[in-house]
Amino acid sequence: MTEKKNDNASAGDKRPCRRPFRDRFCQIPVFTVLFFLALFVYVYVWIEPPLLYYSFGVYTDYPHFSLSWSFVERCLAEPGGPVRLVCGFLSQWFVYPFAGAAIIAASAWLAFAATQSLFREVSHGLRRVLGHLVALTLIVGYNQYDHPLAVWLALTVAIWSAALYQRWNADALPIRLGVFSIGFGAAYYLSGAAALLFAILAIGISLADKRYLSALLHLAISLSLVLLLGYGFFVLEIQEAFLRLTPFHPTIRKEFDPPSRIALQGICVLIVLAFLAKNLLRSAGGNHFLSGPFSSTADKAAAGVSGGSNRGFPALIKGLLAYGIPSVAYVLLLVYSRGANKEILRIHALSRQKNWPQVLESVRTLYQQNRYDPCCNFDVNRALYHTGSLPYEMFAHPQHPEALTLISIDTIPVSQRYNRICDLYYELGYMNEAQHWAAELLETRGNCPFLLDKLARICIVKELPEAARIFLNALQKDLIYRKTARQLLDGLEQDPKTANDSDMASLASIRRQDNHAAKDISLEDLLLELLAENKSNRMAFEYLMAYYLLNRQSDKVVAHLHRLKGLGYPQLPRYYAEAAMIHMSKTRQPVDLGGYEMDPRIVAEFQQITNAFRSLNYDRQQGQQALAAQFGDSYFYYSMFDVGIK
Amino acid sequence: MICLRRKLGIALLVLLIGLGLGLTMVSCNRLPAPPATFATLSRPCRIRPDYSDLVIPPNIAPLNFAIQEPGNEYLVQIHGAKGRPIAVYSKNPDIIIPMKDWNRLLQDNRGDSISVDIYTADTKGQWTRYQAITNTIAKEPIDSHLAYRFLKPNYNYFKSIRVNQRNLEGFQDSTILDGRSYRNGCVNCHTFLNGNPDTMAIGIRSSDFGSSALIADQGEVVKIGAKWGYTSWHPSGKLAVYAVMKVRQFFHTAREEVRDVIDLDSGLFYYKLDSQTVGTDPGIADKERLETYPTWSPDGKYLYFCSAPFPWEDRNRMPPDNYDQLRYDLRRISYDVEKDAWGRPETILSAEQTGKSAMLPRISPDGRFLVFCLCDYGCFPIYQDSSDLYLMDLETRQVKKLEQANSDASESWHSFSSNGRWLAFSSRRMGGPFTRLFFCYLDEQGKACKPFLLPQKDPHFYDACLETFSVPELITGPVAVSRSRLIRAVRNARQIQVDATTGATPTTTTEPWKQQ
């Protein structure tokens, strides 16, 4: 009823008709409320906004935000900057699932409301479906674990601008053009080139009214303003001036997965086409067509159709058409647009939080999906090391020898690879190399808080408290990390060497101290260098042994068993013992186990697997399949068969 | 009626906010008189940045600072023998000095000194006065502007490198050229003709728009299709000498500064503006030596530069053998600008004498002093903690260390003011990889006074500043050419194609970022 009354008002008397609150309350579209509620729940439960938060700066561009005036000034000094600023602010809250889901749902609703306003003359049902489709586009993007919020908000500004401009319908051309110029200029500043959507819709309004001169002038003004503001005033390149913050920008191709990109581009095209169609039909007197099968009871009532006609079978069909089919379509759209990265991002997020047991738990889901990811392999190995199970459970997980450090796998995007490499160097005590890569990432990815945090910690371990304070002061301007920064700053006041942090204290004890020019050396040589400098560098030792195991160099594993006692191992770890057994079997010579006893169960297992393999006539293919269930997690099995990921 | 009420309400709210702000400003910033009773401490107050016992220019922006003493209220009185004192009262330890009052006080006491009395009050309202801080105001002003490079401590990759200019008489800071404007390119080696902002050369590196040099002269910009390294304008403005280096970066495993830079090969070339041609001479581009950091004597008769024999055989190996044995001499070579004729190079300070590497020679505008860096080895002093500033009296060839200006950390990238009394330089003394800009006064005997940090409006500016400031160049006014003009020149495909280098020394073949 509301829409119809307003439609009447716009057609004739433009004064809004005020109705009692109770009436308006009764007109709240229940289906739409349910739709956005479901959308919120879906984002909260399925998408899990914290996974997005932890992917910022690693899997997606970081949406920067800082509580510093200089940052705000920088944002406000370029077209589209205000939208980026808002996006940056909102994105920080994704760390909290409820807030993140609410922000995504609210953003979708804003675009929905803009669409409703833009298509206010169209029947309620059709308009609603269009609005829902628009809203779902954002969810399609988040289903891929992209972060299209900035583009989305920019498009929303453009649609709202068009809707407001449409409502304000001056007859005099100069006034109309003046208002358009101001509106478009403001929209361009706020949302970048996404404002061109507003311009296209404004041209559509003129075309529908057969005001061709007006349409031409709107086109000329919008192009001139883009050139004047973007190219002239803000000194952007032409391409940037015309594409910034639109789904057609070349960086979107790299940044977003195809479904997100196509959905965003498609929705722009759909809105334009629907708007042109609506206006053309309206000008051709085809309003009846627009109130087709999706028209609501409210539309009908407003049109003077009796409620009785909705009873019985036709009403059921109409209900099905209006609610059932769209609902099914929405569900199908959501289900089929779901990306495959969720578990990978979960493992990444858990690693970032150093929740190592959960990393090992979550990776099972990935295995159930029969998927392998080298970054997850890397994270799992770190988790195994931190839970003390690398020499015991490593081969219970799919292993790629290069995934131990990721250094040589150059097919992985730089930010995903080097964030992890930086963490590895840090934990190995090679602070200069960690600093090198953290600084490279800081320059290329911007002031991501986790990088500032890392650099501050590196400086603390390197006994550079003044430099650490600078990073921490910058980190204090982050909404989420400010508490961590404060704690470390307070810690630095009390103890400039470790900031009262036990992790940093232990890293300081293994920090690399021997200075020389770094050369391109193999991982093995690097780990040996670290061990030569500091025999108690347990991680360097376990990674060296893992490297030998992964490369099936049991002789080298045996050669380093003498280090075990010094590192305080209570017993000979399983895989080292298995490697020793294999070595003994190969050389038929006794092995110095570094003062440890060989576990009889290992000997028994060795006999079992060799006997079983012998019984299969040493057929590798058959052996690999037949022995996987019983021995799949052993080094014996890994060593015998070609099972590593390639 | 409702609308009228709403409007009235808004007007009232605005009025109240305005009143509140006004009252806050009045109550926070000024208190005409110091407290009647106070205890006295016989030590100076700790302030940050350290702006005590300085010689400062009479035209410098207010030296705002933060008091690092406990207190609930703070009062600072700045006064000299002449002029109206300044009183700043604050509830927080940040002392923001009013610009106009400061300027007036400095001008009134030019050649004299000013005292800074600092009072703090505890929770009970008991005031304490610290020993006064005294700063001397020099008679000679510093050049009004400073052009500098503003970037993060970068390694191989770069995205946001800027050359900015700062008005030293205030806090206005603007960008001359930003690498982000041309797809994250690099901007470096900005050089001015005799400190004049109207004539500038600036180096560009870009994977999309190529490596080039921009010459901005009286608002016009031309793009030269050659990569210029460290550059020095001949005082006549007829030519500019620049270094071409095969510069490479490598890393250290454990020292505080991770990065190190070495020129695998280098030589000097010169560009003649009238003929738009490039030339060189064996004296400045010897195949058996590395030459870099050119600088002209103010009379234009000599080119000073750094030169070293190769300590390595393999000119492609990284890092090269004996890189830590690379030590540069200071040399000069005569030049006749009318005849375009070079003399023979002569060594004025050898590495053998100093046991160190001499870098970055810069000569005072009166031609008397040569200030340079000495570091343990290499060609990039900013990465060497051992780098300190030294001064050579060109009349006597006596060399002395500028003790007051130096610190335990690296000092480098110095620049003279047009009157020769002020030296701007980069220093790492504030910690880690963050280079900051300092100024010091050089008296007529070449004695340096205690340096002071480039002042900022916010006393905490440097506390969270992740960028480094380097290559400060003092200039006599703001750069005349607009940023947009420079950006368009970079993006423009049109450029002056200069002759290929003569081949005296191999030129750089591969850009560092292309190797990545």
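Just so it is clear: chains get the letters A, B, ... in the order the sequence lines come, proteins before strands, and each one is counted from 1.
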Would you compute the distance between atom [atom1] of [X] and atom [atom2] of [Y] and round it to the nearest 0.5 angstrom?
X	Y	atom1	atom2	answer
Met430(B)	Arg469(A)	CE	CZ	12.0 Å
Cys459(A)	Phe434(B)	SG	CZ	6.5 Å
Glu240(A)	Arg183(B)	CD	CZ	9.5 Å
Arg255(B)	Lys462(A)	CZ	NZ	9.5 Å
Asp458(B)	Ser70(A)	CG	OG	9.5 Å
His252(B)	Asn432(A)	NE2	CG	9.0 Å

Within residues 470-485 of chain A, contacts to chain B at heavy-atom distances under 4.5 Å involve Ile470(A), Phe471(A), Asn473(A), Ala474(A), Lys477(A)
Is there a side-chain contact between Glu440(A) and Phe158(B) (heavy atoms, below 4.5 Å)? no
Minimum side-chain heavy-atom gap Tyr231(A)-Arg488(B) below 4.5 Å: yes
Can you say whether [X] sits under 4.5 Å from chain A via the side chain, the backbone, both, or neither, judging by heavy atoms?
X	answer
Phe251(B)	both
Tyr462(B)	backbone
Asn154(B)	side chain
Pro319(B)	side chain

Taking [X] for the side chain and [Y] for the main chain, is one N or O donor matched with an acceptor at less than 3.5 Å?
X	Y	answer
Asp514(A)	Ala254(B)	no
Glu443(A)	Lys159(B)	yes
Thr253(B)	His516(A)	yes
Lys152(B)	Ala439(A)	no

Highest number of heavy-atom pairs under 4.5 Å with chain B: which of Lys519(A), Arg511(A), Gln435(A), Glu466(A)? Gln435(A)
Counting heavy-atom pairs under 4.5 Å with chain B, the top scorer among Leu455(A), Leu452(A), Asn515(A), Asn447(A) is Asn515(A)
Decide if atom [atom1] of [X] counts as having more than 12 heavy atoms of other residues, nucleotides or ligands within a radius under 6.0 Å.
X	atom1	result
Gln68(B)	CD	yes
Asp408(B)	CG	no
Arg486(A)	CZ	yes

Gln513(A), part contacting chain B, at a heavy-atom distance under 4.5 Å: backbone
When the ring planes of Trp437(A) and Tyr157(B) are compared, do they come out parallel, tilted or perpendicular, using 30° and 60° as the limits? tilted
Testing the basics here: between Ala467(A) and Gly432(B), what is the closest heavy-atom pair and its distance to 0.1 Å? CB-CA, 3.7 Å
Steps toward side chain to side chain contact (heavy atoms under 4.5 Å, CB included) verdict (His436(A), Asn156(B)): CA-CA 9 Å; His436(A) 167 200; Asn156(B) 286 311; 3.9 Å; yes
